[in-house]
> 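One structure, as structure tokens, below. Some questions next.
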Amino acid sequence: MCRPPLVLFAVLSALRCAPAPCAAASAPQLNTRPIIGVLSQENLPRDQFAHGISYIAACYVKYLEAAGARVVPIRINRTEEEYSKLFFSINGLLLPGGNVNLENSLFSRAAKIFYHLAVKANDAGDYFPLWGTCQGFQQLSVLTSNKNLLTLTDTRAVALPLKFTTEENVTSNFHKWSLSVQNYTRNDKLKRFYKILSTNSDGEKEFISTMEAKYYPFYAVQWHPEKSPFEWIEKSGMVHSTSAVRASFYTASFFVSEAMKSQHRFSSPEEEDAALIYNSSPVYRGREDIFVQTYYFD
Ligand SMILES: *[C@@H]1O[C@H](CO)[C@@H](O)[C@H](O)[C@H]1NC(C)=O
Ligand SMILES: *[C@@H]1O[C@H](CO)[C@@H](O)[C@H](O)[C@H]1NC(C)=O
Ligand SMILES: *[C@@H]1O[C@H](CO)[C@@H](O)[C@H](O)[C@H]1NC(C)=O
């Protein structure tokens, strides 16, 4: 089996040296046409560009496309049956960053349905990876612990190093809530489920910046790998260095390689075509916006 614990750790550590290719011999048949769902979320308040009820920042779509996946947007107000059908059609799910309630938003409702489907599928040997970025990281922590254990930190616009790999400031941080190492350590459910891969500090509190599940292909970053190559607002914390962009592509490539282990597929090419994000066009919001381009959905 090519998947030791600390897979993502190995990927991120590879930033220091050449990546070690995984032994292909024991690898199962890979699905080289992976399709990854990206969950939409409630529109931001006072979004002058908004139409419909939900959005996906285009950077998440580009991030996955650049690593060799296609994207299906997942609307927030669908039925459980529709989500279940979609689950068995896609090869992984990305929960993006954002700003919604982690316990009673439509985003959290859909995330919860997919999370439980993913746990059940993986338990049954049906490989299905999840990726959480920023709010997605936080949502995964809430789903696993059944509690909101987050704490306010001073991390709204800072670039930080990943402690275990590099002294360089390669990660863009735009969150005010964090999962502290203290609360993680005190919560048995979180401690049993996730392994900490990296931490950071806002100067006061040490928080988890990267983690992966011990027995599931679930990965979460509190930082924003998708921003370095694809967002251009001039703001402290935005980092476009070669190392930051490389870290971004390593994480995307890692997650897409995980999705290639899933054999889920749409029941017909027509159904696949109708689901793909190519049916929507992103709206250009301007260089000085937090998102250069955004997709909107009903
Ligand atoms: C979702 O919202 C759209 C637009 O408001 C509506 O047309 C559709 O019926 C809704 N679907 C569900 C399942 O609520
Ligand atoms: C731990 O979680 C609680 C919520 O259950 C939160 O109020 C508190 O600030 C957190 N403390 C730390 C140090 O993270
Ligand atoms: C990283 O950023 C901090 C400010 O957020 C700065 O003090 C520090 O010098 C930077 N480190 C490097 C290696 O550039």
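As the structure lists them, so they are numbered: ligands from 1, and atoms in each ligand from 1. Only this structure's heavy atoms are used, side chains among them; waters, hydrogens and symmetry mates stay out.
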> Is there a donor in the side chain of Y55 and an acceptor in the side chain of S40, or the other way round, less than 3.5 Å apart?
no
> Please report which non-hydrogen protein atom sits nearest to atom 6 (C) of ligand 2, along with the residue it belongs to and the distance in Å to one decimal place.
L150 O, 3.9 Å
> Do the side chains of F254 and W131 get nearer than 4.5 Å, heavy atoms only?
yes
> Between N148 and ligand 2, which residue portion shows a heavy-atom distance shorter than 4.0 Å: side chain, backbone, both, or neither?
backbone
> Going by atom types alone, do S281 and Y295 pair a side-chain donor with an acceptor below 3.5 Å?
no
> Is the closest protein non-hydrogen atom to atom 9 (O) of ligand 2 under 4.0 Å?
yes
> Just distances here: any N/O of S180 and N/O of ligand 2 closer than 3.5 Å?
yes
> When you measure from the centre of the six-membered ring of F174, is the NZ or CZ of K227 closer than 6.0 Å and no more than 45° off the axis?
yes
> Evaluating non-hydrogen atoms only, which member of Q182, R186, K205 is closest to atom 13 (C) of ligand 2?
Q182
> Do N183 and ligand 2 have an N or O pair less than 3.5 Å apart?
yes
> Just by distance, with hydrogens left out, do K112 and Q139 show a side-chain donor and acceptor under 3.5 Å apart?
no
